[in-house]
*Asks:* 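To start, I am sharing the structure in question, which I have written as C-alpha coordinates.
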Amino acid sequence: MKLNLFEDKNNIDEHVDVYFSKMRPQIKQIIDTVNSERPSLSGRPADDDLDDGEEILIEPKEIYYLDYVDRKLFMYTGNGVYRIMKTLSECEELLWNYGFVRVSKSNLINIFKIKQLKPDLNMKVYAYFDNGERICVNRSYKKEFDEYLQRMRRMV
Amino acid sequence: MKKYFENLAFMVCLSYTVVSFSGAIINMISGSQTSNVNEIVIFVLCVIASVVLSLHGLFENLSMLAVMVIQYIAACALGTVFLLIVNIFNPISPRGWFELFRSFTIPYVVLALFYYYSVFTDTRKKDNLIKDIQKNRKEA
(Lines give C-alpha, C1' and ligand atoms only; values in the text may rest on other atoms or scores of the structure.)
Protein backbone atom coordinates (compact mmCIF):
# COMPACT_ATOMS: atom_id res chain seq x y z
CA MET A 1 0.00 0.00 0.00
CA LYS A 2 1.38 3.41 -0.97
CA LEU A 3 1.87 5.83 1.93
CA ASN A 4 2.16 9.60 1.45
CA LEU A 5 3.14 11.79 4.38
CA PHE A 6 2.97 15.59 4.17
CA GLU A 7 4.55 17.76 6.84
CA ASP A 8 3.22 21.30 7.01
CA LYS A 9 4.13 23.29 10.11
CA ASN A 10 1.37 25.84 9.39
CA ASN A 11 -1.39 23.28 9.08
CA ILE A 12 -4.08 23.88 11.66
CA ASP A 13 -6.47 21.25 10.34
CA GLU A 14 -4.64 17.94 10.58
CA HIS A 15 -6.48 15.20 8.75
CA VAL A 16 -6.09 11.80 7.14
CA ASP A 17 -7.58 10.78 3.79
CA VAL A 18 -7.88 7.07 3.08
CA TYR A 19 -8.41 5.86 -0.48
CA PHE A 20 -9.42 2.25 -0.69
CA SER A 21 -11.09 -0.13 -3.14
CA LYS A 22 -12.41 -2.54 -0.55
CA MET A 23 -12.91 -2.33 3.21
CA ARG A 24 -10.21 -4.71 4.47
CA PRO A 25 -9.06 -5.30 8.06
CA GLN A 26 -5.88 -3.33 7.26
CA ILE A 27 -7.99 -0.28 6.24
CA LYS A 28 -10.22 -0.73 9.24
CA GLN A 29 -7.13 -0.81 11.47
CA ILE A 30 -6.00 2.54 10.02
CA ILE A 31 -9.46 3.97 10.73
CA ASP A 32 -9.36 2.59 14.27
CA THR A 33 -5.91 4.11 14.83
CA VAL A 34 -7.06 7.53 13.59
CA ASN A 35 -10.12 7.26 15.79
CA SER A 36 -7.81 6.23 18.66
CA GLU A 37 -9.53 2.90 18.91
CA ARG A 38 -6.47 0.79 18.23
CA PRO A 39 -6.59 -2.03 20.71
CA SER A 40 -3.76 -2.02 23.16
CA LEU A 41 -4.01 -5.12 25.27
CA SER A 42 -1.87 -4.89 28.31
CA GLY A 43 -1.15 -7.84 30.50
CA ARG A 44 1.08 -9.07 33.25
CA PRO A 45 2.94 -12.39 33.06
CA ALA A 46 0.59 -15.02 34.49
CA ASP A 47 3.21 -16.25 36.99
CA ASP A 48 3.72 -12.82 38.58
CA ASP A 49 1.62 -11.28 41.34
CA LEU A 50 -0.83 -8.68 40.09
CA ASP A 51 0.90 -5.89 42.03
CA ASP A 52 4.49 -6.88 41.29
CA GLY A 53 4.48 -7.82 37.62
CA GLU A 54 5.38 -5.33 34.96
CA GLU A 55 2.57 -4.57 32.54
CA ILE A 56 3.40 -5.42 28.93
CA LEU A 57 1.65 -4.18 25.79
CA ILE A 58 0.79 -6.95 23.37
CA GLU A 59 -0.14 -6.51 19.70
CA PRO A 60 -3.27 -8.45 18.67
CA LYS A 61 -1.29 -10.25 15.95
CA GLU A 62 0.94 -11.82 18.62
CA ILE A 63 -1.97 -13.39 20.48
CA TYR A 64 -3.00 -16.97 19.75
CA TYR A 65 -6.07 -17.10 21.93
CA LEU A 66 -7.71 -15.80 25.10
CA ASP A 67 -8.80 -18.17 27.81
CA TYR A 68 -11.17 -17.40 30.69
CA VAL A 69 -10.41 -19.67 33.65
CA ASP A 70 -11.53 -19.28 37.28
CA ARG A 71 -12.85 -15.76 36.64
CA LYS A 72 -9.47 -14.71 35.26
CA LEU A 73 -8.67 -13.89 31.66
CA PHE A 74 -5.38 -15.03 30.14
CA MET A 75 -3.90 -14.34 26.74
CA TYR A 76 -1.60 -16.85 25.14
CA THR A 77 1.19 -15.58 22.90
CA GLY A 78 4.27 -17.19 21.38
CA ASN A 79 6.35 -15.73 24.24
CA GLY A 80 4.20 -16.63 27.19
CA VAL A 81 0.93 -16.34 29.04
CA TYR A 82 -0.34 -13.00 30.31
CA ARG A 83 -3.22 -12.11 32.57
CA ILE A 84 -5.39 -9.22 31.42
CA MET A 85 -7.83 -7.18 33.43
CA LYS A 86 -10.70 -7.10 30.95
CA THR A 87 -13.71 -9.30 30.33
CA LEU A 88 -13.85 -11.73 27.43
CA SER A 89 -16.80 -9.79 25.94
CA GLU A 90 -14.80 -6.54 26.03
CA CYS A 91 -11.91 -8.25 24.25
CA GLU A 92 -14.29 -9.78 21.71
CA GLU A 93 -15.68 -6.35 20.89
CA LEU A 94 -12.20 -4.84 20.76
CA LEU A 95 -10.57 -7.54 18.65
CA TRP A 96 -13.30 -8.76 16.29
CA ASN A 97 -11.73 -6.83 13.44
CA TYR A 98 -8.31 -8.34 14.07
CA GLY A 99 -9.30 -11.93 13.37
CA PHE A 100 -10.59 -12.86 16.83
CA VAL A 101 -13.74 -14.94 17.10
CA ARG A 102 -15.52 -16.52 20.04
CA VAL A 103 -15.55 -20.33 19.84
CA SER A 104 -16.79 -21.20 23.31
CA LYS A 105 -17.95 -19.58 26.54
CA SER A 106 -14.34 -19.16 27.64
CA ASN A 107 -12.27 -18.87 24.46
CA LEU A 108 -11.59 -16.23 21.86
CA ILE A 109 -9.22 -17.38 19.11
CA ASN A 110 -7.12 -15.61 16.49
CA ILE A 111 -7.95 -17.15 13.10
CA PHE A 112 -4.68 -15.86 11.63
CA LYS A 113 -2.77 -18.15 14.01
CA ILE A 114 -4.72 -21.29 13.13
CA LYS A 115 -2.61 -23.94 11.44
CA GLN A 116 -5.46 -26.37 10.87
CA LEU A 117 -9.10 -26.91 11.73
CA LYS A 118 -9.70 -30.61 12.28
CA PRO A 119 -12.44 -32.79 13.77
CA ASP A 120 -11.59 -35.55 16.23
CA LEU A 121 -13.08 -39.01 15.94
CA ASN A 122 -15.54 -38.05 18.68
CA MET A 123 -16.82 -35.27 16.35
CA LYS A 124 -15.42 -32.38 18.41
CA VAL A 125 -13.86 -29.79 16.11
CA TYR A 126 -10.48 -28.38 17.19
CA ALA A 127 -8.50 -25.38 16.00
CA TYR A 128 -4.80 -26.33 15.99
CA PHE A 129 -2.39 -23.41 16.31
CA ASP A 130 1.11 -23.18 14.90
CA ASN A 131 2.53 -23.35 18.44
CA GLY A 132 1.13 -26.88 18.80
CA GLU A 133 -1.80 -26.01 21.09
CA ARG A 134 -5.44 -26.64 20.28
CA ILE A 135 -8.81 -25.15 21.26
CA CYS A 136 -12.21 -26.79 20.84
CA VAL A 137 -14.74 -25.01 18.62
CA ASN A 138 -17.96 -25.45 20.56
CA ARG A 139 -21.05 -26.60 18.65
CA SER A 140 -23.22 -23.80 20.03
CA TYR A 141 -20.81 -21.21 18.54
CA LYS A 142 -20.68 -22.90 15.14
CA LYS A 143 -23.11 -20.49 13.46
CA GLU A 144 -21.29 -17.37 14.72
CA PHE A 145 -17.96 -18.93 13.73
CA ASP A 146 -19.22 -19.64 10.19
CA GLU A 147 -20.65 -16.13 9.83
CA TYR A 148 -17.42 -14.59 11.08
CA LEU A 149 -15.32 -16.53 8.56
CA GLN A 150 -17.64 -15.51 5.71
CA ARG A 151 -17.46 -11.87 6.80
CA MET A 152 -13.66 -11.96 7.02
CA ARG A 153 -13.50 -13.64 3.61
CA ARG A 154 -15.44 -10.73 2.11
CA MET A 155 -13.35 -8.14 3.93
CA VAL A 156 -9.85 -9.50 3.30
CA MET B 1 -38.78 -20.91 24.42
CA LYS B 2 -41.48 -20.09 21.86
CA LYS B 3 -38.99 -20.69 19.06
CA TYR B 4 -38.01 -24.02 20.62
CA PHE B 5 -41.62 -25.23 20.58
CA GLU B 6 -42.12 -23.95 17.03
CA ASN B 7 -39.04 -25.92 15.89
CA LEU B 8 -40.18 -28.96 17.86
CA ALA B 9 -43.67 -28.84 16.29
CA PHE B 10 -42.07 -28.52 12.85
CA MET B 11 -39.80 -31.52 13.51
CA VAL B 12 -42.71 -33.64 14.79
CA CYS B 13 -44.83 -32.78 11.74
CA LEU B 14 -41.95 -33.44 9.35
CA SER B 15 -40.85 -36.73 10.91
CA TYR B 16 -44.44 -38.00 11.22
CA THR B 17 -45.18 -37.16 7.59
CA VAL B 18 -42.00 -38.85 6.35
CA VAL B 19 -42.50 -41.98 8.49
CA SER B 20 -46.22 -42.43 7.75
CA PHE B 21 -45.75 -41.65 4.05
CA SER B 22 -42.87 -44.17 3.80
CA GLY B 23 -45.03 -46.67 5.70
CA ALA B 24 -47.90 -46.11 3.27
CA ILE B 25 -45.62 -46.70 0.26
CA ILE B 26 -44.18 -49.90 1.82
CA ASN B 27 -47.74 -51.11 2.62
CA MET B 28 -48.85 -50.46 -0.97
CA ILE B 29 -45.87 -52.42 -2.34
CA SER B 30 -46.14 -55.32 0.12
CA GLY B 31 -49.97 -55.34 0.06
CA SER B 32 -50.22 -55.11 3.83
CA GLN B 33 -52.35 -52.72 5.90
CA THR B 34 -51.80 -50.61 8.98
CA SER B 35 -54.17 -49.95 11.87
CA ASN B 36 -55.30 -46.77 13.61
CA VAL B 37 -53.34 -47.78 16.73
CA ASN B 38 -50.19 -48.04 14.60
CA GLU B 39 -50.67 -44.49 13.32
CA ILE B 40 -50.98 -43.18 16.88
CA VAL B 41 -47.92 -45.19 17.96
CA ILE B 42 -45.93 -43.72 15.04
CA PHE B 43 -47.02 -40.20 16.02
CA VAL B 44 -46.09 -40.61 19.70
CA LEU B 45 -42.72 -42.17 18.81
CA CYS B 46 -42.05 -39.24 16.48
CA VAL B 47 -42.82 -36.86 19.35
CA ILE B 48 -40.51 -38.82 21.72
CA ALA B 49 -37.67 -38.92 19.17
CA SER B 50 -38.04 -35.20 18.33
CA VAL B 51 -38.09 -34.16 22.00
CA VAL B 52 -35.05 -36.30 22.86
CA LEU B 53 -33.06 -35.11 19.83
CA SER B 54 -33.99 -31.47 20.48
CA LEU B 55 -32.30 -31.68 23.90
CA HIS B 56 -28.82 -31.92 22.38
CA GLY B 57 -27.98 -28.48 23.86
CA LEU B 58 -27.94 -30.00 27.35
CA PHE B 59 -24.96 -32.17 26.39
CA GLU B 60 -22.84 -29.33 25.04
CA ASN B 61 -19.70 -30.42 26.87
CA LEU B 62 -19.87 -34.01 25.65
CA SER B 63 -18.60 -35.18 22.29
CA MET B 64 -21.17 -35.51 19.50
CA LEU B 65 -20.61 -39.26 19.38
CA ALA B 66 -21.45 -39.60 23.08
CA VAL B 67 -24.51 -37.37 22.62
CA MET B 68 -25.76 -39.57 19.78
CA VAL B 69 -25.40 -42.74 21.85
CA ILE B 70 -27.06 -41.15 24.93
CA GLN B 71 -29.94 -39.80 22.82
CA TYR B 72 -30.41 -43.17 21.12
CA ILE B 73 -30.58 -44.99 24.46
CA ALA B 74 -32.93 -42.33 25.93
CA ALA B 75 -35.25 -42.45 22.90
CA CYS B 76 -35.31 -46.27 22.97
CA ALA B 77 -36.01 -46.28 26.72
CA LEU B 78 -38.88 -43.78 26.45
CA GLY B 79 -40.25 -45.61 23.39
CA THR B 80 -40.15 -48.89 25.35
CA VAL B 81 -42.02 -47.33 28.29
CA PHE B 82 -44.67 -46.02 25.91
CA LEU B 83 -45.02 -49.40 24.17
CA LEU B 84 -45.31 -51.18 27.52
CA ILE B 85 -48.33 -48.94 28.22
CA VAL B 86 -49.75 -49.67 24.75
CA ASN B 87 -49.09 -53.37 25.36
CA ILE B 88 -51.55 -53.34 28.29
CA PHE B 89 -54.46 -52.32 26.01
CA ASN B 90 -53.30 -53.81 22.73
CA PRO B 91 -50.79 -56.69 23.09
CA ILE B 92 -47.69 -56.40 20.89
CA SER B 93 -46.18 -59.56 19.42
CA PRO B 94 -42.42 -60.31 19.91
CA ARG B 95 -41.98 -59.67 16.18
CA GLY B 96 -43.65 -56.26 16.67
CA TRP B 97 -41.05 -55.28 19.28
CA PHE B 98 -38.22 -56.37 17.00
CA GLU B 99 -39.69 -54.48 14.02
CA LEU B 100 -40.09 -51.35 16.10
CA PHE B 101 -36.47 -51.21 17.26
CA ARG B 102 -35.21 -52.14 13.81
CA SER B 103 -37.26 -49.40 12.14
CA PHE B 104 -35.98 -46.87 14.69
CA THR B 105 -32.32 -48.00 14.69
CA ILE B 106 -31.72 -48.15 10.92
CA PRO B 107 -32.71 -44.53 10.08
CA TYR B 108 -30.97 -43.32 13.27
CA VAL B 109 -27.66 -44.99 12.35
CA VAL B 110 -27.92 -43.85 8.70
CA LEU B 111 -28.59 -40.24 9.75
CA ALA B 112 -25.82 -40.41 12.39
CA LEU B 113 -23.32 -41.57 9.74
CA PHE B 114 -24.52 -38.80 7.42
CA TYR B 115 -24.04 -36.25 10.21
CA TYR B 116 -20.58 -37.69 10.98
CA TYR B 117 -19.61 -37.29 7.33
CA SER B 118 -21.07 -33.75 7.16
CA VAL B 119 -18.99 -32.68 10.22
CA PHE B 120 -15.80 -33.77 8.44
CA THR B 121 -16.66 -32.13 5.08
CA ASP B 122 -17.89 -28.93 6.75
CA THR B 123 -14.69 -28.68 8.84
CA ARG B 124 -12.54 -29.23 5.74
CA LYS B 125 -14.42 -26.41 3.96
CA LYS B 126 -13.89 -24.06 6.91
CA ASP B 127 -10.22 -25.02 7.12
CA ASN B 128 -9.80 -24.09 3.43
CA LEU B 129 -11.65 -20.82 4.06
CA ILE B 130 -9.30 -19.95 6.93
CA LYS B 131 -6.25 -20.71 4.76
CA ASP B 132 -7.77 -18.55 2.02
CA ILE B 133 -8.27 -15.63 4.46
CA GLN B 134 -4.71 -16.01 5.77
CA LYS B 135 -3.29 -16.11 2.22
CA ASN B 136 -5.27 -13.04 1.11
CA ARG B 137 -4.17 -11.13 4.17
CA LYS B 138 -0.51 -11.89 3.49
CA GLU B 139 -0.92 -10.71 -0.10
CA ALA B 140 -2.75 -7.49 0.92
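Reckoned from all heavy atoms, side chains included, excluding hydrogens, waters and symmetry mates. A, B, ... follow the sequence lines: proteins, then strands. Residue 1 opens every chain.
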*Asks:* Between the main-chain N or O of A:Q116 and the side-chain N or O of A:Y126, is there a donor-acceptor pair closer than 3.5 Å?
*Replies:*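 Not confirmed, A:Y126 side chain does not pair with A:Q116 backbone.
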*Asks:* Can you classify the ring geometry of B:F120 versus B:Y116 as parallel (below 30°), tilted (30 to 60°) or perpendicular (above 60°)?
*Replies:*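 Ring orientation, 0 to 90° scale: tilted.
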*Asks:* Quick check on the structure: residues of residues 125-134 of chain B within a heavy-atom distance below 4.5 Å of chain A, by number.
*Replies:*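 Expected list: B:K126, B:D127, B:L129, B:I130, B:K131, B:D132, B:I133, B:Q134.
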*Asks:* Between the side chain of A:N107 and the main-chain N/O of A:L66, is any donor-acceptor distance below 3.5 Å?
*Replies:*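 Yes; at least one donor-acceptor contact below 3.5 Å.
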*Asks:* State which residues pass salt bridge (charged side-chain N to carboxylate O under 4.0 Å, His left out) with A:R71; sequence neighbours excluded, sorted by chain then number.
*Replies:*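 Not a single residue meets the salt bridge (charged side-chain N to carboxylate O under 4.0 Å, His left out) criterion with A:R71.
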*Asks:* At what distance, to the nearest 0.5 angstrom, does CZ of A:F74 lie from OH of A:Y68?
*Replies:*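 If we round to the nearest 0.5 Å, A:F74:CZ and A:Y68:OH are 10.5 Å apart.
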*Asks:* Answer with side chain, backbone, both or neither: which region of A:K113 has an atom nearer than 4.5 Å to a non-hydrogen atom of chain B?
*Replies:*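 The backbone, not the side chain.
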*Asks:* Cut-off 3.5 Å, side chains only: do B:S54 and B:Y4 have a donor facing an acceptor?
*Replies:*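 Indeed, the side chains of B:S54 and B:Y4 share at least one donor-acceptor pair under 3.5 Å.
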*Asks:* Among residues 14-23 of chain B, which residues come closer than 4.5 Å to chain A, judged by heavy atom distances?
*Replies:*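 Within residues 14-23 of chain B, near chain A: nothing under 4.5 Å.
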*Asks:* Going only through I, L, V, M, F, W and Y residues with side-chain contacts under 4.5 Å, is there a path from B:M11 to B:L78?
*Replies:*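 Each belongs to a different hydrophobic cluster.
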*Asks:* Of all the residues in residues 131-141 of chain A, which have a heavy atom that comes within less than 4.5 Å of a heavy atom in chain B?
*Replies:*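 Counting heavy atoms that sit under 4.5 Å from chain B, the residues of residues 131-141 of chain A involved are A:N138, A:R139, A:S140.
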*Asks:* Rounded to the nearest 0.5 Å, what's the gap from CD1 on B:I40 to CZ on B:F82? Could you check?
*Replies:*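 These two atoms lie 8.0 Å from each other.
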*Asks:* Are A:F112 and A:M152 packed together at the side-chain level, in the sense that at least one heavy-atom pair is separated by less than 4.5 angstrom?
*Replies:*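 SC-SC contact between A:F112 and A:M152 confirmed.
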*Asks:* So, is the end of the A:K118 side chain (NZ or CZ) under 6.0 Å from the ring centre of A:Y128 and within 45° of the ring's axis?
*Replies:*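 Relative to the ring axis of A:Y128, which defines the angle, A:K118 lies inside both limits.
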*Asks:* Does A:Y148 reach the main-chain N or O of A:W96 with its side chain, forming a donor-acceptor pair under 3.5 Å?
*Replies:*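 Between the backbone of A:W96 and the side chain of A:Y148 there is a qualifying donor-acceptor contact (under 3.5 Å).
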*Asks:* Which value, rounded to the nearest 0.5 Å, describes the distance between B:N90 atom CG and B:I92 atom CD1?
*Replies:*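 Answer rounded to 0.5 Å: 7.5 Å.
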*Asks:* Please indicate whether B:Y72 has more than 12 foreign heavy atoms, meaning atoms of other residues, nucleotides or ligands, lying under 6.0 Å from its OH.
*Replies:*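 Atom OH in B:Y72 is crowded, with more than 12 foreign heavy atoms closer than 6.0 Å.
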